[in-house]
Amino acid sequence: MKKIKNIIIAAVAVIAACSVSSCVGDLDVTPIDPNTVLPEDVLNSQDAFTSLLAKCYQGLACSSSSGENGSPDMYGIDGGFGQYMRALVNTQDLPTDIMTCCWNDGNLFDVHNMTWNASNEFVLSMYYRIFFQIGLCNEFIRQSKATEISGYDLKDAYIAEARALRLLSWYHAIDMFGNVPFSDENSSVGSLGGDRIERADLFDWMEKEATDLLSGSDLAEPGKNEYARADKGLVQMILAKLYLNAEIWKGTAMYDKCASLCETIIGEYPLHGNYNDLFCADNHLFSANTTYHGDEIIFLSPQDGINIHSWGSTNFLIFASTWAVSGDPDRTMDVSTVGISSGWSGLSLTGAFTSKFEDGDTRGNFFKGGFEQYVDYLRGPSGESNGWKSTKFKNINHDGSAAQAQGFVDTDFPIFRSADAYLMYAECAARGNADRTKGQNYLNAVRNRAGVGNIDLTLSNIIDERGRELYLEGCRRQDLIRFGLFTTADYLWEFKGGVQGGQAVDAHYNLYPISPGELNANGKLTQNPGY
């Protein structure tokens, strides 16, 4: 069994005592436990604050504090669909060239087709998760700052961790929703929502917050916190992503700042020798922290077949990528090859994406079976979709031994890896804002690890390389937008825009809509254009 610290798997009964609400009006979350008491009655020790901080971490990993789908944190959303990492993959990878999903649940097809509207439940689940998570962190910071109990020796360090986790969710908010309601620990508890903050102004706030966390806080140094906990490496990656996307999010290019920070990250987090180890059941061994020491995974969301599991995160990626077509052995996958007992048959990769891989690329982990490479229908007569299936994530240990369970996976979700920083520096160099020789070397290092040869340092090569390296890790949409390829006709894939051959879509799809319920509850907000 993994050695997972109590802060990650703690039972968070203390959460019911706190008036935790997000800044979204229609997500004014109230404690599910009816026997509510005042926060000061239970937040009376460092252990109590440890449990409350655990809830901030658990919000990324699970749908609730009571099982994989029991009593979910948010009413009105299926606990599986609404899990944070599953919602992230659905909104960042499903509407791109990476994957399709043949399930006809609700309005899921509209996400891949890029025809969603403001009421799409899969988009709303991401919106709600982001702001619920921000609300949790705000409440933790608020309660910690207000307490005067003795023995809370880790107070400043805990506050810094909560700020880092909050910054991660603000990073997702600025990327996907743009101009959003803003709140922090100084906002009133239980308010209908914060004032609308312009995207550029949120950028400035995030930059300042990140800079302060890196230079003036008790946040652990890179790789110096416990397994699965935030440190300055997480904040460095968020700030690097801000600078990488600054031209879109703020209106000012900052590729030089991105490159400088990426060089720091690369110096702290070396590439792991084997790509596929990073997506196995024991990939926690390759994270950078005081337990396992320096390695490639900078920050992750844990899963554990015994203690931490959900219907989302890597459980979703592994189970939904398996296939069994009734009566067709050629298109039925031996699920034991990915370490589970049965599959869900949902996700396929597009041919536009899989065609980017060269022979011998160790990252090209596909189940082909009897399926065509290109997706010519989203849901076939037997409930299947064409397109090859991903076996990138596995519930098998890196040495081939069995994981501790098959019903739920052990595989952690890597939110940030140093390979991303290698490719970000290379992109900045290709754009003329960093040393080209270094950029070429970093690009070569990523490719050589995958068993393929060098390619020229060009933007077209880099966007393809980012896809090959980082697919299903929740960043493809952001990358395609930055390269001007997400909504335009310059790059098409199967069913982009709702037609088989793909077509351009309106540019307003570069942003997701603000929740209609939030707009009704908070008159300070306006809907994003086009919705």
Side-chain angles (χ1 to χ4, degrees), residues 22-24 26-27 29 56-64 68-69 72-96 98-101 103 105-114 116-137 165-166 168-178 180 299-303 308-321 344 346-347 393 409 412-416 470-478 509 511-518:
S22 83
C23 60
V24 287
D26 57 337
L27 187 59
V29 179
C56 297
Y57 282 97
Q58 178 258 304
L60 296 174
C62 308
S63 298
S64 75
E68 56 276 358
N69 202 24
D73 294 326
M74 301 177 299
Y75 294 115
I77 302 173
D78 176 83
F81 293 148
Q83 194 277 325
Y84 199 114
M85 293 303 140
R86 179 168 172 177
L88 183 68
V89 170
N90 275 337
T91 48
Q92 290 282 25
D93 286 328
L94 186 55
T96 74
I98 298 295
M99 69 176 189
T100 68
C101 187
W103 298 333
D105 297 288
N107 297 294
L108 185 61
F109 286 166
D110 292 344
V111 179
H112 178 69
N113 289 343
M114 300 178 71
W116 62 79
N117 59 30
S119 298
N120 186 283
E121 63 270 38
F122 297 93
V123 173
L124 291 177
S125 69
M126 185 76 262
Y127 185 92
Y128 294 156
R129 266 295 163 191
I130 288 171
F131 288 104
F132 178 74
Q133 186 71 11
I134 290 169
L136 284 175
C137 295
L165 294 175
R166 181 178 65 179
L168 175 64
S169 289
W170 279 124
Y171 159 65
H172 294 141
I174 194 174
D175 176 21
M176 288 186 269
F177 298 98
V180 293
F299 186 66
L300 54 79
S301 177
Q303 293 288 285
I308 307 173
H309 42 70
S310 72
W311 297 123
S313 195
T314 50
N315 210 70
F316 162 63
L317 289 172
I318 293 171
F319 276 77
S321 296
W344 299 350
L347 302 180
F393 289 87
V409 304
D412 298 336
F413 186 93
I415 295 175
F416 288 125
L470 299 165
Y471 68 102
L472 299 180
E473 295 181 54
C475 61
R476 186 60 170 175
R477 168 195 157 275
Q478 180 189 107
Y509 287 108
L511 275 179
Y512 284 113
I514 304 297
S515 158
E518 169 71 352

Kindly give the heavy-atom pair with the smallest separation between [X] and [Y], and that separation in Å.
X	Y	answer
I308	A61	CG2-CB, 4.1 Å
Y512	P95	OH-CG, 3.4 Å
L165	C137	CB-SG, 3.9 Å
C62	H309	SG-O, 3.9 Å
L124	P516	CD2-CD, 4.0 Å

Heavy-atom side-chain contact between [X] and [Y] under 4.5 Å:
X	Y	value
W170	I174	no
R477	D175	yes
T314	S301	no

Once rounded to the nearest 0.5 Å, what's the spacing between atom [atom1] of [X] and atom [atom2] of [Y]?
X	Y	atom1	atom2	result
S313	L300	OG	CG	9.5 Å
M99	H112	CE	NE2	9.5 Å
F416	E473	CZ	CD	11.0 Å
L168	F299	CG	CZ	6.5 Å
D93	Q478	CG	CD	11.0 Å
N113	T100	CG	OG1	10.0 Å

**OP:** Give the intermediate values and the outcome of side chain to side chain donor-acceptor pair (under 3.5 Å) for residues Q83 and N315.
**Re:** CA-CA 11 Å; Q83 194 277 325; N315 210 70; over 6 Å; no
**OP:** Under the side chain to side chain donor-acceptor pair (under 3.5 Å) rule, collect the residues that match up with N117, sequence neighbours excluded.
**Re:**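 Residues passing side chain to side chain donor-acceptor pair (under 3.5 Å) with N117: none at all.
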Side chain [X], main chain [Y], donor-acceptor under 3.5 Å:
X	Y	result
R86	W311	yes
Q303	V409	no
E121	N107	yes
T91	L88	yes
Y127	E518	no
N120	V123	yes
Q133	R166	no

Tell me every residue that passes ring pair (Phe, Tyr, Trp, His ring centres under 6.0 Å) with [X], counting only those two or more places apart in sequence or in another chain.
X	result
Y84	H172
F122	F81
F393	F279
Y509	W116

**OP:** Would you mind telling me which of L472, L470, V89 makes a side chain to side chain contact (heavy atoms under 4.5 Å, CB included) with I98?
**Re:**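 In the set L472, L470, V89, the residue that makes a side chain to side chain contact (heavy atoms under 4.5 Å, CB included) with I98 is L472.
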**OP:** Only counting residues at least two apart or in another chain, list the ones meeting side chain to side chain contact (heavy atoms under 4.5 Å, CB included) with A320.
**Re:**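 For A320, the residues satisfying side chain to side chain contact (heavy atoms under 4.5 Å, CB included) (neighbours in sequence not counted) are W103, F316, W344, L347.
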